[in-house]
Chemist: 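Pasting a structure here, questions to come.
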Amino acid sequence: MLDLTSLNGDDTDRVVEALCARAVTPVGPVAAVCVWARFVPTARKALDGTPVKVATVVNFPSGEADAASVAAETRRAIADGADEIDVVLPYKAFIDGARTQPMNVVKACREACADKALMKVILESGAFPDPDLLAWAARDAIAAGADFLKTSTGKTQPAATLPAAAVILDSIYESGKTVGFKAAGGIRDAAEAARYLALADHILGDGWATPQTFRFGASSLLDALLAAAGHSGREGEGEREGEREPAPAGGY
């Protein structure tokens, strides 16, 4: 259920190749490797012959591009070999009261993905001032065709939090649709990951969380999960997306 992720400004082909080399582990493959769009061909080549999907981000991290730009960015990524698109909702505009423009961006991405790629909508939950507004954004993103709702870019604080996850999971439950959930940003150990899974079980039922409906976005979490499974992790890795300090527990 892990999207093994590197979205740093100094990423290189070599960094991405090393990330992909970690994607098939002694206890099985991760769900996807998530990298900048320019590295999609590199990841596609490195993961050839594995079941691991290639994910990338668009409209990232600010969420300020227009619909046409997002559609073009999405089409290029898919042409380069991306299986999954993590698109940032224009969350600043949504918080400021806009409704049509943010959803036009999501719909443009949806149309560009068509049936060729999974679309995960990044809400940037920590930027929302209250849970009701976050729930509104989640409902609108589902209506616009989201396959997954994702908490955060990992570039702002607070990032993923359990209260925000509960709001998003409740919105998925209330929609009655098959929409997945991705927690990203600050999830660094197995115990914290288990709390998110337990929350999903509580809201959506035991067994709901599968690689088709639940993801974590991180890189250091892989070593923690391998250690919990009895395998030694790697030492001395630099920080990647999703490896920031945990957000305050009450943040949305």
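Residue indices begin at 1 and follow the sequence shown. None of the values given here were measured: they were computed from a predicted structure.
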Chemist: Please set out all donor-acceptor pairs under 3.5 angstrom arising from side-chain atoms of residues 132-145, sequence neighbours excluded.
Modeler:
unit_1 : atom_1 : unit_2 : atom_2 : d
Trp136 : NE1    : Asp140 : OD2    : 3.3

Chemist: Here's a test for you: under side chain to side chain contact (heavy atoms under 4.5 Å, CB included), which of Thr153, Leu123, Val57 qualifies with Val88?
Modeler: Thr153
Chemist: Only pairs at least two apart or in different chains count here, so list each salt bridge (charged side-chain N to carboxylate O under 4.0 Å, His left out) that has a residue in residues 108-120.
Modeler: Asp3-Lys120, Glu84-Lys120, Asp86-Lys120, Arg110-Asp147
Chemist: Consider only side-chain heavy atoms of I, L, V, M, F, W and Y, link residues closer than 4.5 Å, and tell whether Leu2 and Val52 are in one cluster.
Modeler: yes
Chemist: Start with the C-alpha gap between Asp11 and Arg38, add the side-chain angles, then the distance that decides, and say whether salt bridge (charged side-chain N to carboxylate O under 4.0 Å, His left out) holds.
Modeler: CA-CA 10 Å; Asp11 283 348; Arg38 64 185 179 273; over 6 Å; no
Chemist: For the hydrophobic clusters of this structure (ILVMFWY residues joined by side-chain heavy atoms under 4.5 Å, transitively), does one cluster hold both Phe216 and Leu225?
Modeler: yes
Chemist: My understanding is that only residues two or more places apart in sequence, or in another chain, count here; which of them pass ring-ring contact (aromatic ring centres under 6.0 Å, His included) with Trp36?
Modeler: Phe60
Chemist: Taking all non-hydrogen atoms of both residues, which atom of Pro61 and which atom of Lys155 are closest, and how far apart?
Modeler: CB-CG, 3.9 Å
Chemist: List in chain and number order the residues that pass ring-ring contact (aromatic ring centres under 6.0 Å, His included) with Tyr91, two or more places apart in sequence or in another chain; answer none if no residue qualifies.
Modeler: none
Chemist: Just jot down the ring-ring contact (aromatic ring centres under 6.0 Å, His included) partners of Phe181, sequence neighbours excluded, or say none.
Modeler: Phe214
Chemist: Ala184 and Ala159: which non-hydrogen atoms are nearest, and at how many Å?
Modeler: O-CB, 4.2 Å
Chemist: In terms of side-chain heavy atoms, does Glu17 have a donor or acceptor partner in Thr42 at a distance below 3.5 Å?
Modeler: no
Chemist: Can you find a pair of side-chain heavy atoms, one from Trp208 and one from Thr178, that are under 4.5 Å apart?
Modeler: no
Chemist: Between Leu204, Ile168, Val179, which is the residue that forms a side chain to side chain contact (heavy atoms under 4.5 Å, CB included) with Tyr173?
Modeler: Leu204
Chemist: Can you find a heavy atom in the side chain of Lys177 that is under 4.5 Å from one in the side chain of Ile172?
Modeler: no
Chemist: Minimum heavy-atom separation for Cys34 and Leu19, please, with both atom names.
Modeler: O-CD2, 4.5 Å
Chemist: Under 4.5 Å between any side-chain heavy atoms of Leu118 and Asp83, yes or no?
Modeler: no
Chemist: Pair Met1, Thr213 - check side-chain contact (heavy atoms from CB on, under 4.5 Å), show working.
Modeler: CA-CA 9 Å; Met1 299 183 189; Thr213 58; over 6 Å; no
Chemist: Check the pair Lys182, Thr151 against side-chain contact (heavy atoms from CB on, under 4.5 Å), reporting the backbone distance first and the verdict last.
Modeler: CA-CA 6 Å; Lys182 179 174 173 179; Thr151 57; over 6 Å; no
Chemist: Please tell me if the side chains of Ile95 and Phe128 come closer than 4.5 Å, counting only heavy atoms from C-beta onward.
Modeler: yes
Chemist: Stepwise, does the side-chain contact (heavy atoms from CB on, under 4.5 Å) test hold for Ile203 with Asp170?
Modeler: CA-CA 7 Å; Ile203 293 172; Asp170 277 335; 3.5 Å; yes
Chemist: Checking side-chain contact (heavy atoms from CB on, under 4.5 Å) for the pair Val70/Val87: CA distance, chi angles, key distance, verdict?
Modeler: CA-CA 8 Å; Val70 168; Val87 58; 4.0 Å; yes
Chemist: Where do Phe39 and Thr12 come nearest, in terms of heavy atoms and distance?
Modeler: CE2-C, 3.5 Å
Chemist: Are the side chain of Asp48 and the backbone of Lys45 linked by a donor-acceptor contact shorter than 3.5 Å?
Modeler: no
Chemist: Please check if Val16 and Ile78 belong to a single hydrophobic cluster, counting links between Ile, Leu, Val, Met, Phe, Trp and Tyr side chain heavy atoms closer than 4.5 Å.
Modeler: yes
Chemist: Just so I know, are the side chains of Thr161 and Pro158 near enough to count as touching, which here means a heavy-atom distance under 4.5 Å?
Modeler: yes
Chemist: Quick check: do Val121 and Met119 have side-chain heavy atoms less than 4.5 Å from each other?
Modeler: yes
Chemist: Can you tell if the side chain of Val106 reaches within under 4.5 Å of the side chain of Leu89, non-hydrogen atoms only?
Modeler: yes
Chemist: May I have all residue pairs that pass side chain to side chain donor-acceptor pair (under 3.5 Å) and include part of residues 55-67, sequence neighbours excluded?
Modeler: Glu64-Lys92, Asp66-Ser69
Chemist: Would a distance-only check, ignoring hydrogens and angles, find a side-chain to backbone donor-acceptor pair under 3.5 Å from Arg195 to Leu162?
Modeler: no
Chemist: For the residue pair Val33 and Cys20, what are the closest heavy atoms and their distance?
Modeler: CG1-SG, 4.1 Å
Chemist: I'd like to know if the side chain of Ser152 and the backbone of Ala160 have a donor-acceptor N/O pair within less than 3.5 Å.
Modeler: yes
Chemist: Would a hydrophobic clustering, with Ile, Leu, Val, Met, Phe, Trp and Tyr connected at side-chain separations under 4.5 Å, put Leu197 with Phe148?
Modeler: no
Chemist: Verify, without hydrogens or angle tests, whether Arg215 (side chain) and Pro211 (backbone) share a donor-acceptor contact under 3.5 angstrom.
Modeler: yes
Chemist: Side chains of Leu226 and Pro26, heavy atoms from C-beta outward: is any pair under 4.5 Å?
Modeler: yes
Chemist: Indicate the atoms forming the closest heavy-atom contact of Ala82 with Val40, along with that distance.
Modeler: N-CG1, 3.5 Å
Chemist: Hey, could you give me the CG/CG distance between Leu222 and Leu4, rounded to the nearest 0.5 Å?
Modeler: 5.5 Å
Chemist: Under 3.5 Å, side chain of Ser219 to main-chain N/O of Ser6, donor-acceptor pair present?
Modeler: no
